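Quick notes on the structure that follows.
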Amino acid sequence: MFGFIRPVKPELRVKEADRFQQVYCGLCHAIRARYGRFYTLFLSYDMTFYALVTGADKADTAPPCRKRCDAHPLIRRPCAAPDGALERAADVSVLLTYHKFRDSLADEKGPKRALAWLLCRLGRRGYARARARLPEADREVIAALEDLQALERDHCDSMDRAADASARMTAAVVPRTGDDRERVLRQMFYHVGRWVYLLDAAQDVAEDLEQGNYNPVVLRYGLQSPDLTEIRQPLERTLERSLADICMAYDLLDFGRDADLVRNIIFLGMPLVTKQVLDGTYQTNGGWGKHGSL
């Protein structure tokens, strides 16, 4: 995923900021324990959000443990204790990351294509393990990815069709419980995927115009320059539509833990990032040059 989903730190209580960082670190350790170091390089705040939401039905939060890691080898840092939500998030992170490699391999040219090929080679063993653990999700992701690639080949100018294919990938990785919670989570993560895809397309307008890459925002509005001023209002409306559905899904969920932290991300963090991308002030990782820093 892309790192767009993060809390607004000044609006968090200290314990909530600490909890987000602990889940981020706990997820990194879960990926390393289940898949080795390679996939920890692609950890994102988006998958931290996934771990928080899918594990939020648990009544209690286990005390954090302290571990060293490659990013902080000298000092043991607090991280969330291992649990089923972190293990599931580790599997999903590997699954989606590998399919992102595959998508890049299909889309890129030259050195970027060579890099994508190398990443696929390095990541295929971990992907095989993730696929074995999440076979149904993998099949749905592959089908959605194939649909998206077909739209890209046809230079489809429908933002909704392209975003739908991407959104189906994030809906596919919701835990299958067969109850109302699964239906609400699938709705939430469908619109999370839609929002991320369209926001990423808006963020990449300048680069895609320069390199001639597929971008549904460029095609839909016939953009000739990276200036989004004239299309900002309709683009903001379609992004807000998904944000409204994400907020509605949040209100339908029963939280045993992390409700205020997840609310901060959805009601404050995601609208703020939307504004930053559309006005050109968005910075990866919040402008910090450190791995895993809020």
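Below, all heavy atoms of this structure are taken into account, side chains as well, without hydrogens, waters or symmetry copies. Because the structure is a prediction, the values reported are computed rather than measured.
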Item to complete: Any chance you could lay out the side-chain contact (heavy atoms from CB on, under 4.5 Å) test for R124 and F101, step after step, and finish with the verdict?
Response: CA-CA 10 Å; R124 64 182 181 178; F101 296 159; over 6 Å; no

Worksheet item: Do other residues, nucleotides or ligands put more than 12 heavy atoms under 6.0 Å from E240 CD?
Response: yes

Fill in: More than 12 heavy atoms from other groups under 6.0 Å of CZ on R176
yes

Discussion item. Show every side-chain hydrogen bond (donor to acceptor under 3.5 Å, both in side chains) that has at least one partner inside residues 109-121, sequence neighbours left out.
Written reply: K112-E207

Hey, is the main chain of [Y] close enough, under 3.5 Å, to the side chain of [X] for a donor-acceptor pair?
| X | Y | answer |
| --- | --- | --- |
| D157 | L219 | no |
| D179 | E182 | yes |
| T170 | A167 | yes |
| D258 | A56 | no |

Discussion item. Looking at every non-hydrogen atom in both residues, tell me the closest pair between C79 and H29 and how far apart they are.
Written reply: SG-CD2, 4.0 Å

Practice prompt. Work out which heavy atom in V173 is nearest to a heavy atom in R88; give both atom names and the distance.
Written response: O-NH2, 2.8 Å

Worksheet entry | Partner of D227 by side-chain contact (heavy atoms from CB on, under 4.5 Å), out of I231, L223, T229 | T229

Name every donor-acceptor pair, under 3.5 Å, that has one atom in a side chain of residues 248-256 and the other anywhere in the protein, sequence neighbours excluded.
| residue | atom | partner | partner atom | Å |
| --- | --- | --- | --- | --- |
| Y250 | OH | A259 | O | 2.9 |

Fill in: Test side-chain contact (heavy atoms from CB on, under 4.5 Å) applied to R125 - qualifying residues, sequence neighbours left out
R129

Discussion item. Taking the ring of Y35 and the ring of Y98, is the distance between their centroids below 6.0 Å?
Written reply: no

Worksheet item: V277, Y221: one ILVMFWY side-chain cluster at the under-4.5 Å cut-off?
Response: yes

When you check the gap from the basic side-chain N to the acidic O, do [X] and [Y] get nearer than 4.0 Å?
| X | Y | result |
| --- | --- | --- |
| D83 | R257 | yes |
| D164 | R168 | yes |
| R241 | D160 | yes |

